[in-house]
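Below is one structure, written out as structure tokens; the observations come after it.
Keep in mind it's a predicted model, so treat the numbers as computed, not measured.
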Amino acid sequence: MKTTIAKRLVSMTAAVLAAGLINSTAVAQEEAKSLDQLLQMVRQSKIAESAEHKKREAEFRRQKANQQSLLNQAKQTRTAEEERSARLEAKYQEQEVMVQQKRDQLDERMGSLKELFGHMTSTAGDLRGNMESSIVSAQYPGRTEFLDTLIEKMNSQTKLPTIEEIERLWYEMQREIVESGKVVKFNGTVIKPDGEQVEQEVVRVGNFNLVSNGKYLEMTDANKMAELIRQPDGKYLSMAQDLQNATTGFSAFGVDPTGPTGGSLLKAMINSPSIVERWHQGKIVGYIITAVGVIAMLLAIWRLIVLSGVNSRVNAQLRSDTPNTNNPLGRVLAVAEENKGVDGETLELKMEEAVLKERPAIESGLNLLKIIAMVAPLLGLLGTVTGMIITFQAITIFGAGDPKAMAGGISSALVTTVLGLCVAIPTVLMHTIVNGRAKRILHILEEQSAGIVAENAERK
């Protein structure tokens, strides 16, 4: 019985130890043989735990003391920084008052000069902008450097410009005005269209244009002279060459008055497409219209030459009593000679038949000219519709904000319309002239045949 109770106590004690005691106590439990031995082991475990807990407690108190020391140091540092901040704030307030006093003193001493320096700053800024875009800077580079220094000094509010700087500002303004009315020659570096830089003579026409070796130049963003990739018409280039070769007197020259602002008139004239370029803008429809127009002109000229020869031979036949078969009238008269003895109705039919035989040869090509005169405007309309389709496709892809994307379709549409009218109008005129020549010859044939029939009827 005692043994059973002891075993149960050992089991219960082991469960309690398993829940809260350290591993060493659990090991001791497995080795205990009696309750007394178990009690002794538990006591030893508690003693060991108490020593370890005391050791941990001492370590915690030592760390707590260190943390308290660090906290005290942080509080002392914060207090010192707060005192320092207060001192700096007070010093800042004192210096702010002193700065305001100095500013008031500066304004009082400057008086009206403050307004003068304000105008000088504005004038210097405007002059710098003008010089940067002026072609006079091509002859006198680096003129704007002192203006940058002058403007920076006046904007600093701590420095004043010197008398020399003010006088140079006035001098540069006067020089810009004087140089804008001169035509001078100087040597400078010119950038060719292929990128090569060449030292050559340059002629500056006031503040409007730069020319060299008969070519127009432009100022780049880096204030360098560059030869225009595309030059104006030949007459303007010859004027530029004559001006460069001239030493005295007057010389005709094409001046661009918008030169200081970028030469917009010169660029617009250069960028304007030539007649050949405009013709190419019509593309395939324009080429077809041109081919049709060439055919119409050649046909009209050929028919005019033929009818002029026929007309001269008919006029010669009118002055002769002997029929000549080298002209329509002679062949009609030959038919009348062959049928002198027939009755009037038969002769009239024979004469009408002879005139009808001559009509196709005389009116040859007239119908084709008429058709071309009608088809050319329709081809122009076709090109217009095609160009507008291209324009709307560009609007669909790129939107309506970029005019250059739509320019190709619009140019094609307008050029084909112009080409169609340019072909149709002269073709109509040529058709009228050729038709008039043909009708005059046919009128002579009909008149002569009617006269022969009437004369034969009178003899009967």
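With Leu307 as the partner, the side chain to side chain contact (heavy atoms under 4.5 Å, CB included) test is satisfied by one option alone out of Val314, Ile433, Asn435, Ile362: Ile362.
The pair Arg143-Glu176 counts as a salt bridge, with a side-chain nitrogen and a carboxylate oxygen less than 4.0 angstrom apart. Between Glu165 and Arg168, none of the side-chain N atoms (NZ, or NE/NH1/NH2) sits under 4.0 Å from a carboxylate O, so this pair counts as no salt bridge. Contact check on Lys182 versus Glu179 returns a salt bridge, with a Lys/Arg side-chain nitrogen under 4.0 Å from an Asp/Glu carboxylate oxygen. Taking 4.0 Å as the cut-off between side-chain N and carboxylate O, Glu446 and Arg359 count as a salt-bridged pair.
Counting heavy atoms from C-beta on, the side chains of Pro323 and Arg331 never come closer than 4.5 Å.
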Taking it one step at a time, do Glu196 and Ile191 satisfy side chain to side chain contact (heavy atoms under 4.5 Å, CB included)?
CA-CA 6 Å; Glu196 181 184 2; Ile191 302 175; over 6 Å; no
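With Glu227 contributing its side chain and Lys192 its backbone, the two residues share no donor-acceptor pair below 3.5 Å. Without hydrogens or angle criteria, Ser137 side chain to Met131 main chain gives a donor-acceptor distance under 3.5 Å.
For the residue pair Gln100 and Glu96, no side-chain donor N or O sits within less than 3.5 Å of a side-chain acceptor on the partner. No side-chain donor-acceptor contact under 3.5 Å links Gln197 and Thr189. When only modelled atom types and interatomic distance are considered, Asn72 and Gln76 share no side-chain donor-acceptor pair under 3.5 Å. Using modelled atom types and a 3.5 Å distance limit, the side chains of Asn187 and Gln200 yield no donor-acceptor pair. Inspection of the Asn207 and Ser134 side chains reveals an N or O donor paired with an N or O acceptor under 3.5 Å.
Scored by the side chain to side chain donor-acceptor pair (under 3.5 Å) test, Thr417 finds Thr384 as partners (sequence neighbours excluded). Every residue meeting the salt bridge (Lys or Arg N to Asp or Glu O under 4.0 Å) condition with Arg175, not counting sequence neighbours, appears here in chain and number order: Glu172.
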